[in-house]
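Below is one structure, written out as structure tokens, with a few remarks after it.
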Number of protein chains: 2
Amino acid sequence: MDSDFDSCFGYDAYRRTCPSHTVLEMLASKWVYLVVCALRKGRLRNGELARKLEGITPKMLTQTLRVLERDGLVRREVFPVIPPRVEYELTELGQNLAGLLSQIRSWAEQHAPDIKDARARAIADSEGDWAA
Amino acid sequence: MDSDFDSCFGYDAYRRTCPSHTVLEMLASKWVYLVVCALRKGRLRNGELARKLEGITPKMLTQTLRVLERDGLVRREVFPVIPPRVEYELTELGQNLAGLLSQIRSWAEQHAPDIKDARARAIADSEGDWAA
DNA sequence: GAAATCACTATCCATGGGGTACCTATATAT
DNA sequence: ATATATAGGTACCCCATGGATAGTGATTTC
């Protein structure tokens, strides 16, 4: 197993029309990564998420949470109080995914220096072209 | 370990200015996922990739490969023949990442039915609102 | 009574993702 | 000799989306 094959379960993410392709499209978002990772350790309120995810705008936060809720990865609970209180938590499916996304985030943090170096080298190389 | 902590290695992907944040941003692309996964089993030519990734346009393929090359995940080899021959393969860093991305793709294929159902339910629920 | 909290919603703007057409040079087909 | 195909791109345009800013309603705080 371990995804040695390109496609399992009868679905093929390489195919435009395959449902798994649209799932991959949904996951391919910086904010989806970060929101799911942030919720991994427990339920959080909108404001708590906003403070944790530096630079996210209210619009993007709500938009991302709505998509995750629609796709069954996040559960939204509203408390009918004033001022309003809304909490978000991962569903079982969401927790399942969060493990993988956390590994990606961890990989990004671990290899950020390598990639920074690669980018610097790419720029240096391209600047050597000026006298071609 | 195993990313039980939110940030390791002194990098924090939640911070806008952290290099790991820009790495996550780069990875948050449908075509990056698919190109890296496609190269996992060996080097491929531009045309082979184009045929494998249904629906990718030449521009997006080239753009994606250039980004991956810039970031040190893909190596590009040009053979000076006519007609031109160019091959792409993962670097060691790229192969390292490909394992994780393949797991995500595999997860997407495995859970596509669940998410399809969740979306159908979301639509059904919202359509029940018309008489609210 | 002015400001802040809280969870949004609405509106605007700009970036860039994505599509189409085109390019170079050769081999093959007609 | 002309047309087509291959191969790996580049140049140009469009619009959808990401992202910034401002507003909403009710309540507690200073």
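Naming: A, B, ... by sequence-line order, numbering from 1 per chain. These numbers were taken from a predicted model, which means no experiment stands behind them.
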In whole angstroms, the gap separating C1' of C/dG17 from NZ of A/Lys30 amounts to 15 Å
Value for CD (A/Gln103) from CG (B/Leu101), rounded to nearest 0.5 Å, stands at 11.0 Å
Atom CG of A/Leu49 and atom P of C/dC8 are separated, to the nearest Å, by 10 Å
Taken to the nearest 0.5 Å, the spacing of B/Arg105 CZ from B/Leu34 CG works out to 8.0 Å
To the nearest angstrom, the CG-P distance between B/Leu65 and D/dG8 comes to 11 Å
Rounded to whole Å, the CG-P distance (A/Leu34 to D/dG18) equals 14 Å
A/Arg66 CZ to D/dT17 C1', in whole Å, measures 18 Å
Show me, pair by pair, the donor-acceptor contacts under 3.5 angstrom made by side chains of residues 57-68 of chain A, not counting sequence neighbours?
| unit_1 | atom_1 | unit_2 | atom_2 | d |
| --- | --- | --- | --- | --- |
| A/Thr57 | OG1 | A/Met60 | N | 3.4 |
| A/Thr62 | OG1 | A/Pro58 | O | 3.1 |
| A/Thr64 | OG1 | A/Met60 | O | 2.6 |

Taken to the nearest 0.5 Å, the spacing of A/Glu77 CD from A/Glu87 CD works out to 6.5 Å
note: B/Glu25, atom CD; D/dT17, atom P; distance rounded to Å ~ 18 Å
Sequence neighbours excluded, the answer for ring-ring contact (aromatic ring centres under 6.0 Å, His included) partners of B/Trp107 is B/His111
| task | Look at B/Asn46 and D/dA7 and indicate whether a side-chain polar atom (N or O) is within less than 4.0 Å of OP1 or OP2. | result | no
Residue set satisfying side-chain contact (heavy atoms from CB on, under 4.5 Å) with B/Glu89, at least two apart, ordered chain then number -> B/Arg43, B/Arg75
Here the residues of residues 54-64 of chain A within 4.0 Å heavy-atom distance, strictly under, of DNA chain D are A/Gly55, A/Thr57, A/Lys59, A/Met60, A/Gln63
Note: for A/Pro84 and A/Ser29 on DNA chain D, the residue whose nearest nucleotide lies more 5' is A/Ser29
Every protein N/O lying under 3.5 Å from an N/O of nucleotides 27-30 of chain D:
none

On the nucleotide C/dG17, are OP1 or OP2 found under 4.0 Å from the side-chain N or O atoms that B/Trp31 carries?
no
Across all chains, not counting sequence neighbours, the side-chain hydrogen bond (donor to acceptor under 3.5 Å, both in side chains) partners of B/Arg119 are A/Thr22, A/Asp71
Separation between OG (A/Ser102) and CG (B/Leu100), nearest 0.5 Å, reads 11.5 Å
query = Under 4.0 Å between a side-chain N/O of A/Arg76 and OP1 or OP2 of C/dC8, yes or no?
reply = yes
B/Tyr88 OH to D/dA7 C1', in whole Å, measures 11 Å
When rounded to the nearest 0.5 Å, the distance separating OG of A/Ser29 from CG of B/Leu27 is 12.5 Å
Exercise. Would you mind classifying the nucleic acid contact of A/Phe79 as base, sugar-phosphate or nothing, using non-hydrogen atoms under 4.0 angstrom?
Key: nothing
Review point. Is the phosphate of C/dC6, meaning OP1 or OP2, less than 4.0 Å from a side-chain N or O of A/Arg85?
Key: no
